[in-house]
Amino acid sequence: MDFVAHTKALIVGSGGNGISPAVYFKRAGIDDFLIISKHSDFGGTWFQNTYPGCEVDVPSELYQLSYAVTGDWSAVYARQPELLTYLQKVAADNDLYRHAHFGTEMTGADWLGGENCWEVRTTQGTYHADFLLLATGYLEEAVLPRIPGRDAFEGRLFHSSQWPDGYTGEGEHVAVIGTGSSGMQIVSELQKHACAVTVFQRTPTWVLPKRNEKLALEDHERVHEAAAAAAAHRGETFSRREKAWSDVITGQGLAKNEELAREFLEAQVGDPELRALLTPRHRFGCKRTLYSDDYFTALQQPNVRIVPEAAVGIGASTITAASGAEIEADTIVFATGFHFGGHVLARVKRRDGRTVAEVQAGHPQAYKSVSVAGCPNLFLIGGPAPNGQIWHGMFAGEATARYLLAAFDFMAENGVLALEVDEAAEAGWKRRADAILDNGPVVAGGCTNYSQDELGHNKAAWPGSVRDMAEALSTFDASAYRVVARSAAPAT
Ligand code: NAP
């Protein structure tokens with residue numbers, strides 16, 4: 001495979017959490033970095049997910065980058081095209097396109113001990129990098145269940161994240177498998193265009209009202225002020241979200257939310273039979289809460305039918321429910337979710353030659369969600385980072401960028417070329433995270449969800465608030481690391 005380049009830092013991923021370290025590098029005067037991405041542009045999840053109705057569920061005044069705060073959102077919760085434009089503008093404004101190699105997927109990475117760098121193999125050639133930063137996304141790798149007959153379906157069939165350009169379902173019979181955040185948003189939009197929509201719901205989830213509304217020009221100044229306060233970790237909406245997150249990770253205060261969701265369901269759905277089908281049997285917070293103003297309304301339209309069962313079979317033009325009922329479909333949408341964090345750690349080899357995934361054996365862990373034992377100069381950012389997820393999906397990129405710059409300073413000051421986190425520090429941090437998260441509804445709420453690892457622990461959530469993450473990653477914690485290589489002449 002051709003050799004492409006040697007760089008100080010190789011960032012893998014071009015979503016919000018790949019953009020932030022690049023911007024922080026630029027601002028620190030570091031220009032020797034590259035960004036590789038399997039996509040053809042910046043934007044990450046907002047580049048990949050283009051289904052109609054795709055919309056953020058964190059208020060836009062909060063869901064933005066602290067170094068690129070804007071109040072010019074067209075709605076309280078922005079839609080995908082606007083978010084994509086925002087991220088691509090941030091990348092352009094910070095001159096990141098010059099550093100980007102698109103259409104380039106990482107296929108493997110090994111630490112080269114003799115040269116103190118990572119050898120990163122990609123679909124376009126080999127890179128060498130002193131630091132490897134993986135920002136490959138939380139919800140990037142589609143789950144497409146092998147439902148028997150799937151390959152024999154003669155109509156159109158696709159995953160929610162591989163939406164055909166311009167498809168609206170117009171005049172068709174569409175079956176949607178899955179009722180998570182994606183399925184719910186998709187059904188609400190398809191209902192407006194399709195002849196018939198059949199929704200396969202295996203497990204109902206708690207839904208809260210979203211209260212989205214359009215913002216007019218005269219609102220922008222107010223939203224700008226609120227956004228600036230949020231970026232500084234202040235502001236009312238910020239505090240509300242911090243509280244909601246800590247409720248969900250610790251299991252406190254959830255009864256109140258469950259009551260609100262029950263009241264919302266009762267207010268929206270008059271038919272007791274339908275209401276019963278839509279009432280979850282697990283605790284609030286076990287599955288990710290859905291926020292919608294129009295989902296329940298869409299479900300009650302004459303062209304929508306809910307099948308409260310798993311989809312278990314597919315024929316040439318039909319889809320079969322667990323009860324055996326067969327439903328005609330022109331198109332099947334798999335809104336069946338993602339492998340949380342993906343499998344990128346199965347492609348990274350530790351110094352001992354084993355992959356990280358093999359060693360971690362179904363219980364993924366990383367010190368402070370960032371550093372992995374056996375992997376010098378490797379940093380995980382957001383998505384692939386065990387316990388790196390927090391309510392503000394793009395915050396980890398900024399917090400980890402600060403940590404990285406602090407690590408670079410420590411290394412320069414101490415003549416260190418390579419360091420890796422201590423196994424005991426990593427295990428201790430994960431033990432403490434599990435102790436907090438094991439009591440939360442994601443683990444103990446009586447459902448299955450994509451955050452649970454193979455041992456039943458929460459592999460996804462950061463065990464604290466945004467403020468806690470900011471604090472934990474504000475300084476480089478040298479005592480948790482050991483030096484793997486020093487420069488010949490340490491700086492004085
Ligand atoms: P998801 O929450 O994992 O939902 C997958 C759905 O597919 C579940 O309802 C699951 O049922 C169902 N399913 C799988 N196989 C099935 C089968 N054979 N028959 C019937 N149902 C089946 O995935 P998602 O909706 O893509 O959401 C993933 C995450 O993406 C969200 O939690 C959120 O973090 C993010 N997201 C966010 C937004 C937003 O508003 N910002 C929008 C979309 C996605 P079970 O529950 O029974 O497993």
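Whatever order the structure lists them in is the order used to number ligands and atoms, beginning at 1. These values consider heavy atoms only, across backbone and side chains, with no hydrogens, waters or symmetry-generated copies.
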Practice prompt. With heavy atoms of E55 as the reference, note each atom of ligand 1 found under 4.0 Å away.
Written response: 39 (C), 40 (O), 41 (N)
Worksheet item: Going by an N to O cut-off under 4.0 Å, is there a salt bridge joining R234 and E61?
Response: no
Practice prompt. Answer yes when E426 and K368 have at least one side-chain N-carboxylate O distance shorter than 4.0 Å, and no when they do not.
Written response: no
Practice prompt. Considering the heavy atoms of F338, write down every atom of ligand 1 situated less than 4.0 Å from one of them.
Written response: 26 (O)
Discussion item. Polar contacts were defined as any N/O atom of the residue lying under 3.5 Å from an N/O atom of the ligand; does this apply to D57 and ligand 1?
Written reply: yes
Worksheet item: Tell me, which protein residue and heavy-atom name are nearest atom 1 (P) of ligand 1, and how many Å apart are they?
Response: G337 CA, 4.0 Å
Worksheet entry | K459/E454 salt bridge by N-O under 4.0 Å criterion | no
Response to the item:
Nearest non-hydrogen contact to atom 25 (O) of ligand 1 from the set S182, P280, C286 belongs to S182
Worksheet item: Hey, looking at atom 7 (O) of ligand 1, which of A335, A310, A460, G53 has the closest heavy atom?
Response: A335
Discussion item. Salt bridge check, R262 against E258: does any charged N sit closer than 4.0 Å to a carboxylate O?
Written reply: yes
Worksheet item: Heavy-atom contact under 4.0 Å between Y51 and ligand 1?
Response: yes
Worksheet item: What do you reckon, does A311 have a nitrogen or oxygen under 3.5 Å from a nitrogen or oxygen of ligand 1?
Response: yes
Practice prompt. Report the part of L139 in contact with ligand 1, treating N, CA, C, O as backbone and CB onward as side chain, heavy atoms under 4.0 Å; options are side chain, backbone, both, neither.
Written response: side chain
Response to the item:
Note: ligand 1 atoms sitting under 4.0 Å from heavy atoms of I177 are 16 (C), 17 (C), 19 (N), 20 (C), 21 (N), 22 (C)
Worksheet item: Is the shortest side-chain N to carboxylate O distance from E236 to R241 below 4.0 Å?
Response: no
Practice prompt. Can you sort out which atoms of ligand 1 are near T203, meaning under 4.0 Å from one of its heavy atoms?
Written response: 45 (P), 46 (O), 47 (O)
Worksheet item: Can you find a side-chain donor-acceptor pair between S20 and Y67 that sits under 3.5 Å?
Response: yes
Discussion item. Using a 6.0 Å cut-off, check whether atom CD of E221 has over 12 heavy atoms from anything other than its own residue.
Written reply: no
Worksheet item: Is it true that K287 lies under 4.0 Å from ligand 1, counting heavy atoms only?
Response: yes
Discussion item. Below 3.5 Å, N or O to N or O, backbone or side chain included: is there any such pair between W46 and ligand 1?
Written reply: no
Fill in: Nearest neighbour in protein (non-hydrogen) for atom 38 (C) of ligand 1
S181 CB, 3.8 Å
Discussion item. Between ligand 1 and R202, is the shortest N or O to N or O distance under 3.5 Å?
Written reply: yes
Worksheet item: For atom 8 (C) of ligand 1, what's the nearest protein heavy atom and its distance?
Response: T179 N, 4.0 Å
Worksheet item: What pairs with A366 under side chain to side chain contact (heavy atoms under 4.5 Å, CB included), at least two apart in sequence or on another chain?
Response: V372, L380, P386
Worksheet item: Under a 4.0 Å N-O cut-off, is there an ion pair linking D434 with R431?
Response: no
Practice prompt. Would you mind checking if K243 and D247 are paired as a salt bridge, meaning a charged N to carboxylate O distance below 4.0 Å?
Written response: yes
Item to complete: May I ask you to decide whether D151 forms a salt bridge with R146, counting only side-chain N to carboxylate O separations under 4.0 Å?
Response: yes
Practice prompt. May I ask you to check whether Y450 has an N/O atom sitting below 3.5 Å from an N/O atom of ligand 1?
Written response: yes
Item to complete: Just jot down the ligand 1 atoms closer than 4.0 angstrom to any heavy atom of G178, in number order.
Response: 6 (C), 7 (O), 9 (O), 12 (C), 21 (N)
Worksheet entry | Presence of salt bridge, K210 and D294, under 4.0 angstrom | no
Worksheet item: Under 3.5 Å, N or O to N or O, is Q185 touching ligand 1 that way?
Response: yes
